[in-house]
Each structure stands twice: as C-alpha cells, then as structure tokens.
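All residue numbers in this chain count up from 1 along the given sequence.
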Amino acid sequence: QVQLVESGGGLVQAGGSLRLSCAASGSIFRLNAMGWGRQAPGKQRELVAAITTGGSTNYADSVKGRFTTSTDNHKNTVYLQMNSLKPEDTAVYYCYADTVVTPSYRNLKVWGQGTLVTVSS
C-alpha cells in the first residue's frame with residue numbers, strides 16, 4: 001500500500017506564490033514518476049505537471065513558465081512551486097505517484113487526497 005500526503009495549499013492573492021509538497025510512503029519498490037493534477041469546480045481533473053525520477057518534466061500549457069515541479073528522491077517527495085498565480089488556478093490540487101510496489105512488483109498509480117488552492121482577484 002502506498003500513501004501520499006500533500007501540504008501547502010491555502011488562500012493567496014492573484015500574483016502571489018504557493019509551494020505544495022507531497023510525500024510518498026509505504027510499500028514502494030521504485031518510483032517512476034510523480035506529479036500534480038488539479039480539479040476546479042465543475043471541471044474535469046487535468047494534469048498540470050509531471051517529473052520522472054530522472055528529472056524530465058512536463059507541464060500543461062496553462063502553467064508553463066509559472067509552475068515548477070521538482071523532487072527529492074531520497075525523501076520520495078515532490079514539490080510544486082506556483083508563481084504568478086491567477087484566479088483561474090483555483091482548484092483542488094492532487095499529487096500522484098507512478099510506482100512499482102512490493103511484494104507484487106506491479107505498477108501502480110496512486111493519487112493523494114488533495115489540497116485546496118484558492119486565488120483571490
């Protein structure tokens with residue numbers, strides 16, 4: 001079993017910054033990638049950032065140049081630095097981990113419970 005614990009959400013004014021963290025723990029044999037998705041009210045969840053353990057990153061067009069994701073592989077932790085926040089960034093942010101778990105050694109993608117980010121205008 002794999003657990004993800006997110007932190008760092010909150011209320012911020014437009015133009016401000018927030019940093020989200022997500023720590024993975026449990027029966028992890030290997031982490032292949034981690035990342036972040038978000039879901040705004042009335043909308044589907046969208047993937048906003050992803051990073052492999054090798055350091056390759058991908059971002060949604062809507063956040064490129066404003067959001068940066070990084071990892072601490074020793075701590076199985078992923079971060080999302082969000083700058084120049086806009087009201088349309090308001091959403092519940094979920095981290096995920098693409099893992100190989102023990103004892104089955106099967107691939108498993110796990111999502112966290114989410115943390116709310118609210119950007120006021």
### Message
Test your reading of the model: is there a side-chain donor-acceptor pair from Asn76 to the backbone of Leu31, 3.5 Å cut-off?
### Response
no

#### Entry: Heavy-atom donor-acceptor pair, Thr90 side chain to Val119 backbone, under 3.5 Å
yes

### Query
Got a sec, which pairs hit disulfide bond (SG atoms under 2.5 Å apart) with one end in residues 28-67, sequence neighbours left out?
none

### Task
Could you tell me how the ring of Phe67 sits relative to the ring of Tyr93: parallel (under 30°), tilted (30 to 60°) or perpendicular (over 60°)?
tilted

### Query
Under 3.5 Å, is there a donor-acceptor pair between the Asn83 and Ser17 side chains?
yes

### Task
Please confirm whether the backbone N or O of Leu11 pairs with a side-chain atom of Thr118, one donor and one acceptor, at under 3.5 Å?
no

### Task
Only counting residues at least two apart or in another chain, list the ones meeting salt bridge (Lys or Arg N to Asp or Glu O under 4.0 Å) with Arg66.
Asp89

### Query
Within 45° of the ring axis of Tyr94 and under 6.0 Å from its six-membered ring centre, is that where the NZ or CZ of Arg38 lies?
no

### Task
State plainly whether one hydrophobic cluster holds both Val117 and Val5, where clusters connect Ile, Leu, Val, Met, Phe, Trp and Tyr through side-chain heavy atoms under 4.5 angstrom apart.
no

### Query
Taking C-beta and beyond as the side chain, do Asn107 and Asp98 meet within less than 4.5 Å on heavy atoms?
yes

### Task
Would you mind reporting whether Asn32 and Arg30 have side-chain heavy atoms less than 4.5 Å apart?
yes

### Donor-acceptor contact present, side-chain Gln81 to main-chain Thr69, <3.5 Å
no

